[in-house]
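For reference, positions follow the sequence shown, starting with 1.
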Amino acid sequence: QQAYCLAPFDLIKVRLQNQTEPVAQPGSPPPQYQGPVHCAASIFREEGYRGLFRGAWALMLRDTPTMGIYFITYEGLCHQYTPEGQNPSSATVLVAGGFAGIASWVAATPLDVIKSRMQMDGLRRRVYQGVLDCMVSSVRQEGLGVFFRGVTINSARAFPVNAVTFLSYEYLLRWWG
């Protein structure tokens with residue numbers, strides 16, 4: 001449910017990120033969206049209420065299993081490398097958190113690609129009839145490798161971000177506990 005509630009925000013983010021018009025060049029047309037509120041209003045006006053939730057199913061399919069993978073990987077690595085009865089060391093937490101982030105993004109990337117394609121669909125005309133159609137069409141046109149576009153950069157970003165996230169989490173637990 002959380003992914004579904006956040007779907008309009010993710011859609012707006014993706015649409016703004018994929019805007020290709022030059023910003024405020026004299027004589028050039030203005031960007032399609034002037035900001036997040038204008039983007040949301042434009043989507044609502046042009047695509048209706050349902051348009052704000054374009055890609056929501058793919059977002060839910062992406063986030064639900066990857067959250068499980070994220071926490072199972074973290075807990076499993078911490079358990080594996082921490083002596084019985086002790087708290088994991090900072091190094092263990094950093095490594096486990098980093099690898100948890102990588103594992104979750106490796107699992108998430110195929111559906112992240114589909115989610116983004118679904119969210120960009122409808123700007124000019126509908127290309128995909130749904131998540132499965134988007135997946136099949138993408139594989140037919142670009143091969144299975146399409147599902148792993150961006151996995152390297154997502155993993156490179158995921159390691160430090162999640163290492164620090166889990167280290168902060170563990171220290172806060174100990175401080176409050």
Side-chain angles (χ1 to χ4, degrees), residues 1-20 36 52-84 86-123 127-174:
Q1 275 185 341
Q2 177 186 4
Y4 197 77
C5 293
L6 296 176
F9 298 100
D10 194 69
L11 172 68
I12 292 164
K13 175 198 70 146
V14 167
R15 295 273 178 102
L16 288 171
Q17 286 174 334
N18 283 283
Q19 201 163 240
T20 58
L52 289 169
F53 292 89
R54 187 172 310 285
W57 274 107
L59 183 62
M60 276 196 290
L61 291 171
R62 179 197 78 178
D63 286 354
T64 302
T66 57
M67 284 291 109
I69 291 166
Y70 183 62
F71 289 108
I72 287 170
T73 302
Y74 174 74
E75 288 294 330
L77 288 171
C78 281
H79 179 75
Q80 180 73 29
Y81 296 104
T82 302
E84 191 70 37
Q86 293 183 18
N87 288 326
S89 69
S90 295
T92 298
V93 169
L94 285 168
V95 171
F99 279 112
I102 289 173
S104 67
W105 269 108
V106 166
T109 297
L111 278 162
D112 191 58
V113 169
I114 297 306
K115 172 200 68 81
S116 296
R117 287 172 179 229
M118 297 284 301
Q119 289 173 327
M120 291 305 295
D121 192 26
L123 283 177
V127 176
Y128 307 114
Q129 300 305 309
V131 173
L132 187 59
D133 181 51
C134 183
M135 293 171 90
V136 170
S137 297
S138 296
V139 170
R140 281 187 183 146
Q141 292 173 8
E142 301 168 65
L144 286 173
V146 71
F147 292 130
F148 294 96
R149 288 199 179 146
V151 74
T152 303
I153 194 67
N154 281 339
S155 296
R157 180 191 66 176
F159 192 94
V161 166
N162 292 285
V164 171
T165 297
F166 273 110
L167 186 65
S168 301
Y169 169 76
E170 290 290 345
Y171 274 104
L172 284 171
L173 280 181
R174 291 176 197 168

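Taking each heavy atom of Cys78 and Thr92 in turn, the nearest pair found is CA-CG2, 4.0 Å. The two atoms that bring Val113 and Arg149 nearest to each other are CG2-O, 3.8 Å, heavy atoms only. Nearest approach of Val131 to Met118, heavy atoms of both residues: N-CE, 3.9 Å. Annotation for Ser138 and Arg117: closest pair OG-NH1, 3.1 Å, computed over non-hydrogen atoms. Between Asp121 and Arg15, the shortest heavy-atom distance links the atoms O-NH2, 3.5 Å. The shortest heavy-atom contact between Val106 and Ser155 is CG2-OG, 4.0 Å.
Taking Phe147 as the reference, nothing meets the ring-ring contact (aromatic ring centres under 6.0 Å, His included) condition, with sequence neighbours excluded. Taking Phe166 as the reference, Tyr70, Tyr74 meet the ring-ring contact (aromatic ring centres under 6.0 Å, His included) condition, with sequence neighbours excluded.
Using a 4.5 Å cut-off on side-chain heavy atoms (C-beta onward), Val139 and Leu144 make contact. Using a 4.5 Å heavy-atom threshold, the side chains of Pro36 and Phe9 count as separate.
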Give every donor-acceptor pair under 3.5 Å between a side-chain atom in residues 94-105 and any protein atom, sequence neighbours left out.
residue, atom, partner, partner atom, Å
Ser104, OG, Ala100, O, 3.3
Ser104, OG, Gly101, O, 3.0

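Rounding to the nearest 0.5 angstrom, the gap separating the CG atom in Leu11 from the CE atom in Met120 is 9.0 Å. For the atom pair CE of Met135 and CG of Leu61, the computed distance is 8.0 Å after rounding to the nearest 0.5 Å. Residue Gln80 holds its CD atom at 8.0 Å from CG of Leu77, rounded to the nearest 0.5 Å. The CG atom of Leu6 lies 11.0 Å from the NZ atom of Lys13; values are rounded to the nearest 0.5 Å. Rounding to the nearest 0.5 Å gives a distance of 13.0 Å between SG of Cys5 and CG of Asp10. The CG atom of Leu111 lies 12.0 Å from the CE atom of Met60; values are rounded to the nearest 0.5 Å.
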Give the intermediate values and the outcome of side-chain contact (heavy atoms from CB on, under 4.5 Å) for residues Gln119 and Asn18. CA-CA 10 Å; Gln119 289 173 327; Asn18 283 283; over 6 Å; no
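By the 6.0 Å contact criterion, CD1 on Ile153 is open, its count of non-hydrogen atoms from other residues, nucleotides or ligands being 12 or less. Residue Arg140 qualifies as open at atom CZ: its count of foreign heavy atoms under 6.0 Å is 12 or below.
Counting only N and O atoms by type, the side chains of Tyr81 and Ser89 include no donor and acceptor under 3.5 Å apart.
The main-chain N or O of Asp63 is found under 3.5 Å from a side-chain atom of Thr66 such that the two form a donor-acceptor pair.
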